[in-house]
There are 2 protein chains.
Amino acid sequence: MTTRIDRRRAATRNEILDAAWDLAAAEGLAGIAMRPLASAVGMQAPSLYEYFPSKDAIYDAMFAEGNRELAESYVALPDPADVGAREALIASTRAFIEFCNENEPRFTLMFQRSIPGWRPSDDAYQEAVDNLRRLDAFLECCGITDMRSRDLWTAIVTGLASQQVTNDPGGDRWLTLIDETVDMFLAARVAT
Amino acid sequence: MTTRIDRRRAATRNEILDAAWDLAAAEGLAGIAMRPLASAVGMQAPSLYEYFPSKDAIYDAMFAEGNRELAESYVALPDPADVGAREALIASTRAFIEFCNENEPRFTLMFQRSIPGWRPSDDAYQEAVDNLRRLDAFLECCGITDMRSRDLWTAIVTGLASQQVTNDPGGDRWLTLIDETVDMFLAARVAT
DNA sequence: GTCTATACACCGATAGAC
DNA sequence: GTCTATCGGTGTATAGAC
């Protein structure tokens, strides 16, 4: 059961995480420091350790939060059985690249290994694996069943997202390539 | 003119850079610390500042060195006029992914933003731009002239390389997808 | 229980003696 | 050119006030 004290703790944890995202947006993901983070929520640095056992644990919670947000964006995707593989792939790719493009620190944390020495915990990583499994199921509904095709498709989609975020953050230079990319990929699959 | 003392300095600089690559391989790129690096070449930390003005300058020299190595691997590529676009694209993509795959810290330094707060200097970045220009010229010889096609191709190639290095370092899971990727890309170009 | 104060070990970088 | 000593920063552990 959740007591009042548990809810208070959870609220403070969320407050800390929100401040961490703000700091990441302003100073970069690796620019989060414990003392400024603490003062952003009106604490001294050591008090943060009442809510997170380490700085890495804060990154871990942010990683998990990002994956839950990605999972939410997946539930809005159309059913390939309704709209066909082409439209479904276009919609999912667009959703993914837009997700990456709208919050650069979140993209960096989730899809690049950019925090020295940090790796997601097993629990947090499980949420990422769950998302990958959801994507696999989605691709299977689109008729992409073999591993080599899935490997190629994930490489293409992550490549587009990474180029977009890195070289045109917030823009659409690679977003506008999605339709022809999907057509190219599907045409090759029909051909073989 | 290069005096004996200049050559001695250059030799020491190379010694430091070699030790830095070794440390990066062992501790991760961001795990390079000045004191261990200094002791690896038999110095105290402050002496390093006689050869590099800052730690970032060491990353900068490593970045430039990596780009020169990449440029060297480009000169061995076949001429598209000799072997045709398909073979030329396959060879260049294979060379690039193998380059990324054979030295993970070098890949991380050159193609990911993984050192917090560090960006290559203008001089070092120029070498990366030169390499990109070489790649553009090469793609043009392969008949890939418009920007959208180049954007798509660079996204695909960097996506393959990143998946290979991240998820199967030293292996060939994405390397073996090159041939069909090139065929897919070229078929779509002929079709439109 | 939650906070503050203090301290520790490490970091990159600098000053100045030799 | 290399050293020692040191500075201000980091993440983090701990003691203890309230």
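A quick note: this is a predicted structure, and the numbers were derived from the prediction, not measured. All chains are named by letter (A, B, ...) in the order of the sequence lines, taking the proteins before the strands, and each is independently numbered beginning at 1.
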Between [N] ([atom2]) and [X] ([atom1]): distance, integer Å:
| X | N | atom1 | atom2 | value |
| --- | --- | --- | --- | --- |
| B:Leu37 | D:dT2 | CG | P | 14 Å |
| A:Arg4 | C:dG1 | CZ | P | 14 Å |
| A:Glu27 | D:dG9 | CD | C1' | 14 Å |
| A:Trp118 | D:dG11 | CH2 | P | 16 Å |
| A:Arg9 | C:dG1 | CZ | C1' | 9 Å |
| B:Asp6 | D:dG1 | CG | C1' | 15 Å |
| A:Ile58 | D:dG11 | CD1 | C1' | 11 Å |

Any base atoms under 4.0 Å from B:Tyr51, or only sugar-phosphate, or nothing? Heavy atoms, all strands.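 Since only primed, P, OP1 and OP2 atoms lie under 4.0 Å of B:Tyr51, the category is sugar-phosphate.
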
List the protein contact pattern of nucleotides 5-18 of chain C with one symbol per nucleotide (5' to 3'): B for base contact, S for sugar-phosphate-only contact, - for none; contact means a heavy-atom distance under 4.0 Å. BB----BBBB----

Sequence neighbours excluded - side-chain hydrogen bond (donor to acceptor under 3.5 Å, both in side chains) pairs with any residue from residues 150-161 of chain B: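 Sorted result for residues 150-161 of chain B: A:Gln163-B:Thr158, A:Arg173-B:Asp151, B:Asp136-B:Arg150.
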
Write out all pairs satisfying side-chain hydrogen bond (donor to acceptor under 3.5 Å, both in side chains) with one or both partners inside residues 28-49 of chain B, taking only residues at least two apart or from two chains.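 side-chain hydrogen bond (donor to acceptor under 3.5 Å, both in side chains) check on residues 28-49 of chain B returns no pairs.
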
Is it true that B:Asp146 and B:Arg189 make a salt bridge, defined as a side-chain N closer than 4.0 Å to a carboxylate O?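 Salt bridge flag = yes for B:Arg189 with B:Asp146.
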
Sequence neighbours left out, cut at 3.5 Å: what donor-acceptor pairs do the side chains of residues 77-93 of chain B make with other protein atoms?
unit_1: B:Asp79; atom_1: OD1; unit_2: B:Ala81; atom_2: N; d: 2.8
unit_1: B:Arg86; atom_1: NE; unit_2: B:Asp183; atom_2: OD1; d: 2.6
unit_1: B:Arg86; atom_1: NH2; unit_2: B:Asp183; atom_2: OD2; d: 3.2
unit_1: B:Ser92; atom_1: OG; unit_2: B:Ala88; atom_2: O; d: 3.4
unit_1: B:Ser92; atom_1: OG; unit_2: B:Leu89; atom_2: O; d: 3.1
unit_1: B:Thr93; atom_1: OG1; unit_2: B:Leu89; atom_2: O; d: 2.7

Please enumerate all residues that pass salt bridge (Lys or Arg N to Asp or Glu O under 4.0 Å) together with B:Arg9, with sequence neighbours excluded.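 Partners of B:Arg9 by the salt bridge (Lys or Arg N to Asp or Glu O under 4.0 Å) criterion come out as none, since no residue qualifies.
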
Which residues end up grouped with A:Tyr125 if you chain together Ile, Leu, Val, Met, Phe, Trp and Tyr wherever their side-chain heavy atoms are less than 4.5 Å apart?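 A:Val129, listed by chain and number.
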
